[in-house]
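All values below were derived from every heavy atom in this structure, side-chain atoms included, with hydrogens, water molecules and symmetry-related copies excluded. Convention: sequence-line order gives letters A, B, ...; per-chain numbering from 1.
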Amino acid sequence: MTRNTVIGDKRVLAADFLPNRMVHRGQERQEIADALRPVLEGERPRNVLVHGPPGTGKTTMARYVVDRLEEHIDLQYGFCNCWRNSSRFKIYYRLLNEMGSRMIHRTGTPTDKLVDDFESKVRNRPSVVVLDEVDQLEDEKVLYDMTRYNRTGLIMIANQENVFYDLDERIRSSLSSRKNVRFSAYTHEEIVDILRDRRQWGLRDGAVEDELLHRIADTVSGDARVAINALRIAAEKAEKEGLEQIPEEFIDDALPEAEELTETESLDKLNSDQQALYEILRQEETLRPRELYDRYRSKVEKPKVDRTLRNYLSEMEKYGLVESRGQGTGTEYVLTD
DNA sequence: AGTCCACTGGAACTTGAGGAAT
DNA sequence: ATTCCTCAAGTTCCAGTGGACT
């Protein structure tokens, strides 16, 4: 193992690294912490909806606030991404595992059993649940459930503020007392500060000039995730070539790469069949359904039946990855851009 | 207008995993 | 060990919709 030239601590350069202080977002942090504070006194906390565009620190902040709370109190904490786990069963399954449940629950366990276990788990101990990408939730009854647990703080994370508009009246009213916290895109200076912070803890001294951080901030339009990814990609390349400083053109090369990386990270959320469909559409621009199914069948080893593909595609449509145009015989599938 | 065809999506059904009861 | 049960995921079946073509 040779001595690193550029990178000090690689973990710090990951976009989802949880820093021990959050630069900026002081106001937002305060609002979330205030809403959850009653948990410390064993009282009912206020639900929180954190909303804003991608890469604005919503998820990181939620984890950060919970981390700080855990310093004061013995807390049960469950995090669940509702994109990956969209059904009621999967969410409870996930949360129970996150909270270190000793009981093993598998696909055969009735959902009600999971709900019961969860309920008894959070009844007497303060808990916080974070539901990320809550707009992807399939069964909104979960939200109703969560508001019933008196000592459980609920942080919901979404891109849009209006996620609850078309919900059932009962569920909406149970969420009506929530606190909305808006995260807007970072300003140029804020992005630079965030990058400086990562530089300080993640890179060696003198590894990258301020000027280059500004260059990154210029292109990422307020998305810290893309910015950090770009810095990491450039740093890794410099490291590989044994340089002591990141050259300007490495940054320029890394920027489009970082944009793409952030995009494909969302493709990880698709199953392999959906990825195959996505891949086909990417090569073909637009396709009629019949044609799409045919190509899919010749591409994968164990093809699923057409009806299942339709389910997959409508799911992908919900995520905003594909789009179907026209009706009847004129239907075409195309990737959204 | 009538026929054909591609496509959609609801609903019933099958399969497979795995816990619980015996 | 065996049988029974529940659930999610996938499949089968099919009626309905609406272009396209005569």
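- Rounded to a whole Å, the NZ atom of K113(A) is 18 Å from the C1' atom of dA8(C).
- At least one side-chain nitrogen or oxygen of Y293(A) sits closer than 4.0 Å to the OP1 or OP2 atom of dT8(B).
- Side-chain nitrogen and oxygen atoms of Y93(A) include none within less than 4.0 Å of the OP1 or OP2 phosphate oxygen of dA17(B).
- Screening residues 198-223 of chain A for ring pair (Phe, Tyr, Trp, His ring centres under 6.0 Å) gives H188(A)-H214(A) as the qualifying pairs, with residues at least two apart or on separate chains.
- Within the structure, salt bridge (Lys or Arg N to Asp or Glu O under 4.0 Å) contacts touching residues 212-221 of chain A (residues at least two apart or in different chains) are R215(A)-E248(A), R215(A)-D252(A).
- Summarising the geometry, the separation between CG on L114(A) and C1' on dT6(C) is reported as 11 Å, rounded to the nearest angstrom.
- Atom CZ in F89(A) sits roughly 14 Å away from atom P in dA17(B) (whole-Å rounding).
- Here salt bridge (Lys or Arg N to Asp or Glu O under 4.0 Å) pairs that include residues 174-188 of chain A, with residues two or more places apart or in two chains, are E31(A)-K179(A).
- Between the CG atom of D112(A) and the C1' atom of dA8(C) there is a distance of 14 Å, rounded to whole Å.
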Base versus backbone protein contacts along nucleotides 9-22 of chain C [heavy-atom cut-off under 4.0 Å; B, S, -]: SSBB-----BSS--

Anything under 3.5 Å between a donor and an acceptor, one on a side chain of residues 65-79 of chain A, the other on a protein residue two or more places apart or in another chain? List them.
from, atom 1, to, atom 2, distance (Å)
R68(A), NE, E71(A), OE2, 3.1
R68(A), NH2, E71(A), OE2, 3.1
H72(A), ND1, R68(A), O, 3.3
D74(A), OD1, R125(A), NH2, 3.3
D74(A), OD2, R125(A), NH2, 3.2
Q76(A), NE2, K121(A), O, 2.8
Q76(A), NE2, S127(A), OG, 3.3

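- Nearest heavy-atom pair across R199(A) and V208(A) is NH1-O, 2.9 Å.
- The separation between E315(A) atom CD and dG9(B) atom P is 14 Å, rounded to whole Å.
- Evaluation of the side chain to side chain contact (heavy atoms under 4.5 Å, CB included) rule for A227(A) yields I191(A), L195(A), I216(A), V220(A) as partners, not counting sequence neighbours.
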